[in-house]
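Data first, discussion second: the structure below is written as structure tokens.
Labels below follow one simple rule: chain letters A, B, ... track the order of the sequence lines, proteins then strands, and each chain is numbered from 1.
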Amino acid sequence: MAEYDPQAVEAKWQKIWEEQHAFEADADPDRPKYYSLEMLPYPSGTLHMGHMRNYTIGDAVARYRRMRGFNVVHPMGWDAFGLPAENAAIQRGIHPREWTLGNVVEFKRVCFRFGFSYDWRREIATCDPEYYKWNQWIFLRMLERDLAYRKKSRVNWCPKCGTVLANEQVVDGCCWRHEDTPVEAREIEQWFFRITRYADELLNGLDVLGDGWPERVITMQRNWIGKSRGARVRFEVAGLTGKSIEVFTTRIDTIYGASAIILAAGHPLVQELIAGSPNRAAAEKQLDTMKQTSVKDEDVATAEKVGFATGRDAVNPFTKEKLPIWVGNFVLMEYGTGAIMAVPAHDQRDFDFCTKYRLPTPIVIQPLEGAPLTDTALKQASSEYGKLVNSGPYTGLTSEDAITKMTADADAHGFGKGETTFRLRDWGVSRQRYWGTPIPVIYCERDGMVPVPDDQLPVRLPEKVSITGMGQSPLANTAEFVNIKCPKCGGPGRRETDTMDTFVDSSWYFLRYLDPHNDKMPFDPVAAGYWFPVDQYIGGITHAILHLLYARFFTIVLRDMGLVSTGEPFTRLFCQGMVLKGGMAMSKSKGNVVGAMEMADKYGADTGRLYTLFAAPPEKDMEWSEQSVEGCARFLNRVFRLVEHHGGEVRQHAAGVGDLAGASDKEKILLRKTHQTVRRVTHDFETRWHFNSAIALLMELVNEIHVQEPLAEGARPTVIKEVLELLTLMLAPMSPHIAEELWEMLGHSGGLIRASWPQFRAEFAAEEQVEVVIQMNGKIRGKITVDVGLDEDSLVARALAEPRIKGMLDGQKIVKRIVVPDKLVNLVVK
RNA sequence: GCCGGAAUGGCGGAACUGGCAGACGCGCGAGACUCAAAAUCUCGUGGUGCUUAGCACCGUGUGGGUUCGACCCCCUCUUCCGGCACCA
């Protein structure tokens, strides 16, 4: 008898799939299409099972959809630009390209070893000039549409390295290579994409995605875009005629409680306000200190609030009272107007700041219910809506009414108006680094900024550069790259030396897959039109905001250019959890990885895949357990032996029986369990991709078959064959190699890859009897077995007839009865 | 700090729409097979108590609430995880 040898079985079928071009898919308008996609991986060094989870889930999805009759496109490629390749270059002296492409070779080898069903003809790498050429092309179209522009913006700067640092390179506010050197904020001119133009559309689109996207991702995106309605209010600066400060507030109803105006350090008026101050020197020093911080939002938000008074006052347009103007580190230039009115009693951040600097905290809103607030007892801000007090003519109004009325009054008097703002900021795409797409513009002394003409694309990265991580960016140091004739006048020009954020690469790659070799356009709208949009997108929850928002933005822009017909790229989104070991995410740096190749060599790819899907529902984090892997290997062995044992006797028979007439009890039990399994597994796949419970159901089915052994006594070969075939088919999306082998053992020669998903038959799955629970006051007091579909009255009668229930009811009165047919009877007694 | 999640036996997890908590797997215990081992197979396995063929009570992070009935809904708190715009 043959043993199950995963290595041999897997190599055999991988070769056959390759020879048959089994996963290559071409547009076919006569067939329903399905675009199954996993998030573009960054090809880092060692591949571990944490990486494999995403692709295992995606492959099961793709294989299942193929079995359901869809024309499935399932591509794979590489997010090949980025910081780690430059770090490798610095540390090991390897060129980033060499390091990256080496990783790609290894990554692909693992993909083959795991039997992932990719159409490799569509493979792309973002560092390939044939790919990034189209990044540049899209950038130029953005420029034409005023969607790309330059402005000054803050970056992290390490004075010792003399270079810009990524947020990741800032550790505890200091440079990662100089742990004693605090990072400074520096302003430099950078390129931005005007994503805010589409803020409303990106927000509204979320409503449409509600069916196919996880609720939490929709919520996070909605909060990220952060639409808020409020008012812009102008405060005159006392003693500086014609100068005023505008603030944005969502709580104009609290304006009588304002005790200061606070500006961001970068606010354009700051210098003018401190100009005449006797404390000017001290103020300048404070401003410098505020610059000694990283530009990470997280660092800004957790930093202790500090500030200083400018010495000037602003006039509250409602009360005509003077309010001191301060500068505070917690006010962001990027949001609203870069200035706020501080209402300490009703905003926690204002409260923290004002109590620290002993500014008054007047109460102007009282809660609608509960104890009223008192000045002396105020321990924290109360930001709830309520009723206005001490607010002049508005006293007595509710917050809602006051917001409407005060906004209208501000408008009527000309010092304010209603306004909607977004938290969303424009997307900074400039990077002062080598390993990325060069931004295709040239600066000419005469003509200024000149776009590189389309026919000169791609602007290629120079090969010979020195990458040190110190000083200005490698491209800026490469004279042959920088010095270029102006395309307009032919005079001396300088190339832009910034490269693009790698998020640009991953914002449209899913379209390039659909027409990967086009050298005239990023993709042909007709070729892409058949497959687009992506039907199922799968990736980590870590990408819930940035990548998914940028990809949606790009798709809207491409739609407006007429290249695609929809603005939403991903109809359905699935976010898988992380793989943990020892409670931490698997990562090489933490030394807790389980290597993908090691896994395949020791247990086989099918076992690795099965375990990855079995250990937890795919959207949750899973803890890796080597012992549980053994359990999955045992299960596959068990199935193999089962089919091996019966294969010979059933292979020449056709599977299935027409109906249950004449079926033995054993046959009925087997067919019932099998078809119930088909129904439930199909349901798990269709609704939420719960492979873990689907696998548990297959295990139950195998257990049931074992209970019914020996099958030769009491079950016809056609029935046995049907049971084993359906089991094999259901296993195929998850452990495809062994499924192919079993399919062959059952007498098929065509290859399971072309087989259909099994059809569930209700008449086979139907139960004849069910167990119904009898409760008294919600506690279980007995169980009865009854025919399916028994009516309520009969159920109660049966329950009352139970001797045990009868005894317990003695002397008590039934006040209510609740009946759930086929499930339970609950008697409420007194 | 802000936004979003999660918490169920010794472990991973199951429980569809508010209706038998612990499916399935791991681990552990007992047994069969074997000279022996591995593999395989069978049985048992949340806790406590008792008058132990069974029965009762407790039990889904904390404390409260709604309900005939709550892992599930509402409020509170705790801990852990993800994101925070230059990691990808």
Rounding to an integer number of angstrom, what distance separates [N] and [M] when you compare their [atom1] atoms?
| N | M | atom1 | result |
| --- | --- | --- | --- |
| B:G5 | B:C11 | C1' | 23 Å |
| B:C71 | B:G64 | P | 15 Å |
| B:G22 | B:A14 | C1' | 7 Å |
| B:U67 | B:C72 | P | 16 Å |
| B:G69 | B:G18 | C1' | 8 Å |
| B:A70 | B:G83 | P | 38 Å |
| B:G10 | B:U45 | P | 16 Å |
| B:C68 | B:G63 | P | 24 Å |

Closest nucleotide of RNA chain B for A:V707 versus for A:A166: which of these residues is on the 5' side? A:V707
If you assign each of A:H706 and A:D684 to its closest nucleotide in RNA chain B, which residue comes earlier from the 5' end? A:D684
NA contact type, [X], heavy-atom cut-off 4.0 Å: base, sugar-phosphate, or nothing?
| X | value |
| --- | --- |
| A:R804 | sugar-phosphate |
| A:R349 | nothing |
| A:R781 | sugar-phosphate |
| A:I818 | base |
| A:A544 | nothing |
| A:S430 | base |
| A:Q190 | base |
| A:R222 | nothing |
| A:H543 | base |
| A:F503 | base |
| A:P617 | sugar-phosphate |
| A:G428 | sugar-phosphate |
| A:Q627 | sugar-phosphate |
| A:R680 | nothing |

With sequence neighbours excluded, give me every side chain to side chain donor-acceptor pair (under 3.5 Å) pair touching residues 693-707 of chain A. A:R638-A:N703, A:K673-A:E700, A:D684-A:S693, A:E704-A:Q708
Looking at [Y] and [X], is there a salt bridge between them, counting it only when a charged N and a carboxylate O are closer than 4.0 Å?
| X | Y | answer |
| --- | --- | --- |
| A:E626 | A:K602 | yes |
| A:R216 | A:E619 | no |
| A:K356 | A:E304 | yes |

When rounded to the nearest 0.5 angstrom, what distance separates CZ in A:R222 from CD1 in A:I545? 13.0 Å
Rounded to the nearest 0.5 Å, the CE atom of A:M578 sits from the CE atom of A:M622 at a distance of 12.0 Å
Quick one: which of A:R425, A:E189, A:Q190 gives a side chain to side chain donor-acceptor pair (under 3.5 Å) with A:S153? A:Q190
Flag for A:R552-A:Q221: side-chain donor and acceptor within less than 3.5 Å: yes
Member of A:F192, A:W191, A:Y550 meeting the ring pair (Phe, Tyr, Trp, His ring centres under 6.0 Å) criterion with A:W427: A:Y550
Consecutive Watson-Crick or G-U pairs in runs of at least 3, all under 3.5 Å, in which RNA chain B is involved: B:1-7 with B:78-84, B:10-12 with B:24-26, B:27-32 with B:40-45, B:46-50 with B:54-58, B:63-65 with B:73-75
Side chain to side chain contact (heavy atoms under 4.5 Å, CB included) test vs A:R433 passes for just one of A:L475, A:D501, A:T502, A:L83, namely A:L83
For B:G25, glycosidic torsion class - syn if within 90° of 0, otherwise anti: anti
Working note: A:R150 + A:E496, criterion salt bridge (Lys or Arg N to Asp or Glu O under 4.0 Å); need CA distance, chi angles, decisive distance, verdict. CA-CA 12 Å; A:R150 264 156 60 93; A:E496 168 66 68; 3.6 Å; yes
Interface limits on RNA chain B, where chain A has a heavy atom under 4.0 Å of a nucleotide atom: B:G1 to B:A88
